[in-house]
Every structure is written in C-alpha cells, then in structure tokens.
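Fair warning: this is a prediction, and the values are worked out from it, not measured in the lab. Proteins come first, then strands; the chains are lettered A, B, ... in the order of their sequence lines, and each starts at number 1.
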Amino acid sequence: MQENHLMLIPRPALFSFQECIWFLNRNYDDCLHTIRDATVTKAVAFGSNDLLFKVREEGAFLRIEVLSGAPDTALKNQLVDYVTFWFDLERDITPFYQLLETDPKLAYMATDYKGLRLMGIEDLFEVLCWSIIGQQINLTFAYKLKRRLVERYGRKIEYAGEVHFIFPDPEVLAGADLAELRVMQFSLKKAEYIIGMANVFKTGMLSREMIVNEPDFEARQKKLTSFKGIGVWTANYALMKSLRDSAGIPHGDVGLLKALQHHNFIADRKESTKINVLLSRFKGWESYLVFYLWRSLAPK
DNA sequence: CTCCAGGGTAGTC
DNA sequence: GACTACCATGGA
C-alpha cells in the first residue's frame, strides 16, 4: 500500500476506538461495515467516487487506509472528515462525563463505557431509511431487512475476497419494485415509506442541507415529520445520528424505556415526567445519554 | 396462541 | 391537543 493512501487522525481525549467499534458490532449483523482484528472496514461514496477504507488504532492516532479507489487530496480530506464525523472525534465529552458522575445510577458508565462516542450516520437518506426499517420491529429483524435492501439495491466493492456494500442511492430505490420489497418481508407501509422517501430525495424535496439550514430544532423536526412515514421518533433519531443534535431524543423508544426501567428511573413506561426530569439534567447531552443507555442494553 | 419489538397514521372527542 | 383503533410481520 502506497504511503499516499494513508491518513492519520490524532486520537482525542476520552476516546476509545475499541468501545466504538464494539458498539458498531454489538450482537447484530450490520451490512454496512466489517469489523475484525480491531479494525473496521467500510465502503462509502463521495459523489461519484466509491471508496473502500479501513480504520484502526495506531499509537496516538486513528489510522485510515484506503483499500480501493484512487483518492486525490480533496477526496482524502473528505474521507478524514467522514471518519471524524462518524466517530464524533471533534467533541469534548468531558462535560457529559461530569454529568454522569453526578448521578449514582449512571456514574458507572463513565468507567465501563469510557471513551464511547455517539456513532453517527451522516447521510440523511440512509438514516431515515434505517429508522423507518426499525420502526416497531426488533433490531435483529431490522438488520436483516436492511441487509436485504442494501444487497439488492446498493453498489458493492469487492476486495480480498470480500464484498462491501454501499447504501443504495435514492435514485435507485425510487425505482424499486414495491412487490419485491414485500417479498423481502417489508410490510406494505414500510415499503411505501422507503420508496416514497427515495422519491422525496430524488426530486430534491428534501436534503440534509435543507434540514441543516432550518433555523432551529423545532423547524427541523417539523420539516421531517411532514413526510409520510416520519413521526417524531424517526425525525429525532435522524437528527441525533445525522446532525448530532443533542435534542434529538427518540421519545417513547422501547429500548430507551427499557434501559430507564433497568436503572430504576421509572417503574413503568408512562412516567414521562420522570424521564423529562432526567433529560433536563443532561441538557445539551441528551442524545449522548440516550446512546449510553442503549449501550447499557447490550452485554459488556 | 400470545406478547413483544429502537412506531406511524387516521379518526374521534 | 390527548386518546384510541388499526396496521404489519417476524421472533421468543
């Protein structure tokens, strides 16, 4: 591998690459990255350029190596930005850890999950499709559905005997056959929502830039929920993962409620007042708290 | 067979 | 604005 296909990013404080890729892996089967030997490999498109790259820790740096594709300087910069966003490397999470320490029930997280970052999904179309897929079904099945969709409609890069997929473009999914999605075990509504969203992005009715340019969180949420298939849960999840908005709280999320019960913050799932009190104590870090609570649902 | 899973829509009051 | 029926599909 040539030297010009390597990039190094300084590892920030309170960052654990291992915790991050452990979360990416968990006990699920995500088709959009491969994790092995403390290295994550992923394919991604920058405009018309498909790249395959891998990331691992090397001393005080994250080491990015391009495996497929011939990136120029601009593209390499884009890749560095992409990884920086993905792992949320530019954020100083010290304030969040200080908040965790103030809560007896949560303080352990600062030790057990030390350095875990809120893993992002920058592409708004991808995160909306993913959250629509994940509505009201268990995650094991949701990852299955995502894999079927991606393997059928996404591009792929083959390297060293392995296939790496890129999430399908809206232009492709807009032309997807409803009946074919039904065969893949998408419910009728989900199939309609996915194809509908693809058309919305294809025709330029919605883009990440449009959401970023909205004045505030309320406006962003309102814009997103104006489309069929996107309720508050889906909109907030997307804003949390794609815009890293701390107010992007997936209210009513089953996993969140379960974790809150496990930690004895609530006795049953209707105690929204208690939940809001907890969240208000984590002002500015609500989405990080949600992410860490999700983390707590998986085994160590 | 029943209940649950990282919800959403449309209708009613 | 809050509450309710209904949708939909695999997994435990």
Side-chain angles (χ1 to χ4, degrees), chain A residues 22-32 113 116 118-121 124 126-150 152 167 178-200 206 218 220-263 265-266 268-273 275-276 278-279 286-299:
Chain A
W22 191 94
F23 186 90
L24 286 180
N25 229 13
R26 287 187 283 170
N27 41 346
Y28 298 113
D29 177 35
D30 197 316
C31 58
L32 293 179
Y113 313 145
L116 173 65
L118 201 172
M119 302 303 294
I121 301 174
L124 185 63
E126 177 188 329
V127 76
L128 285 173
C129 288
W130 169 230
S131 50
I132 287 170
I133 289 172
Q135 289 168 3
Q136 192 61 15
I137 59 173
N138 65 71
L139 277 178
T140 303
F141 183 45
Y143 278 104
K144 253 183 219 177
L145 289 179
K146 181 167 100 168
R147 178 174 286 280
R148 288 171 189 160
L149 187 78
V150 168
R152 169 64 182 83
F167 195 82
L178 187 69
E180 200 167 354
L181 292 185
R182 298 283 289 119
V183 170
M184 291 182 202
Q185 295 176 298
F186 281 73
S187 68
L188 176 61
K189 287 298 177 188
K190 272 183 193 178
E192 288 174 351
Y193 294 158
I194 298 281
I195 294 173
M197 286 313 302
N199 276 296
V200 162
L206 179 60
E218 309 303 326
R220 293 183 181 118
Q221 188 192 66
K222 188 176 178 183
K223 177 76 178 174
L224 287 175
T225 54
S226 71
F227 297 98
K228 291 292 179 201
I230 303 180
V232 171
W233 178 88
T234 304
N236 286 12
Y237 179 87
L239 290 169
M240 163 184 174
K241 298 283 274 188
S242 181
L243 269 66
R244 297 195 169 287
D245 197 315
S246 63
I249 305 158
H251 293 289
D253 178 81
V254 173
L256 171 60
L257 294 172
K258 194 187 294 178
L260 290 171
Q261 284 179 308
H262 289 168
H263 288 80
F265 283 109
I266 55 173
D268 72 61
R269 299 183 176 186
K270 289 177 290 188
E271 299 178 283
S272 57
T273 306
I275 299 173
N276 290 333
L278 174 64
L279 289 171
E286 298 97 320
S287 59
Y288 251 88
L289 176 60
V290 170
F291 194 73
Y292 270 55
L293 285 167
W294 279 340
R295 168 64 182 85
S296 74
L297 294 171

Please report, rounded to the nearest Å, how far the C1' atom of B/dG7 is from the CH2 atom of A/Trp130. 14 Å
On DNA chain C, which is the earliest and which the latest nucleotide, 5' to 3', with an atom closer than 4.0 Å to a heavy atom of chain A? C/dA8 to C/dG11
Please examine the side chains of A/Ile249 and A/Leu289, heavy atoms only from C-beta on, and report whether any two atoms are closer than 4.5 Å. no
Reported OH-to-CG distance for the pair A/Tyr288 and A/Leu116, which is rounded to 0.5 angstrom: 7.5 Å
Correct closest heavy-atom pair for A/Ala238 and A/Leu128 would be CB-CD2, 3.6 Å
So what does A/Lys144 touch, heavy atoms closer than 4.0 Å: a base, only the sugar-phosphate, or nothing? sugar-phosphate
List, with names and distances, any nitrogen or oxygen atoms from the protein found under 3.5 Å away from nitrogen or oxygen atoms belonging to nucleotides 9-13 of chain B.
unit_1	atom_1	unit_2	atom_2	d
B/dT9	OP1	A/Gly229	N	2.7
B/dA10	OP1	A/Lys228	NZ	3.3
B/dA10	OP2	A/Lys228	NZ	3.0

On a whole-Å scale, what distance lies between the P atoms belonging to C/dA8 and B/dG11? 15 Å
Can you say whether the rings of A/Phe23 and A/Phe291 are parallel (under 30°), tilted (30 to 60°) or perpendicular (over 60°)? tilted
At less than 4.0 Å, is any side-chain N or O atom of A/Thr234 found next to OP1 or OP2 of B/dG8? Yes or no. yes
For a 4.5 angstrom cut-off between non-hydrogen side-chain atoms, does A/Lys189 reach A/Gln135? no
Report the residue (A/Asn138 or A/Lys189) whose heavy-atom-nearest nucleotide on DNA chain C is the more 5′ of the two. A/Lys189
Spacing between A/Trp233 atom CH2 and B/dA5 atom C1', to the nearest angstrom: 11 Å
Specify the separation, in whole Å, of atom OH of A/Tyr28 and atom P of B/dA5. 11 Å
Expressed in angstrom and rounded to an integer, what is the separation of A/Ile133 atom CD1 from B/dG8 atom P? 14 Å
Just verifying a value: how many Å separate A/Asn276 CG and A/His251 NE2, rounded to the nearest 0.5 Å? 6.5 Å
Nearest-angstrom distance from the residue atom NZ of A/Lys190 to P of B/dG7: 8 Å
Value in whole Å for how far the P atom of B/dC4 lies from CG of A/Leu139: 17 Å
For the residue pair A/Phe265 and A/His263, does the interplanar ring angle fall in the parallel (under 30°), tilted (30 to 60°) or perpendicular (over 60°) class? parallel
A/Thr140 side chain near A/Asn27 side chain, heavy-atom distance below 4.5 Å: no
Distance between C1' atoms of C/dC3 and B/dA5 (Å, rounded): 22 Å
Partners meeting side chain to side chain contact (heavy atoms under 4.5 Å, CB included) with A/Arg152 (sequence neighbours left out): A/Glu180, A/Met184
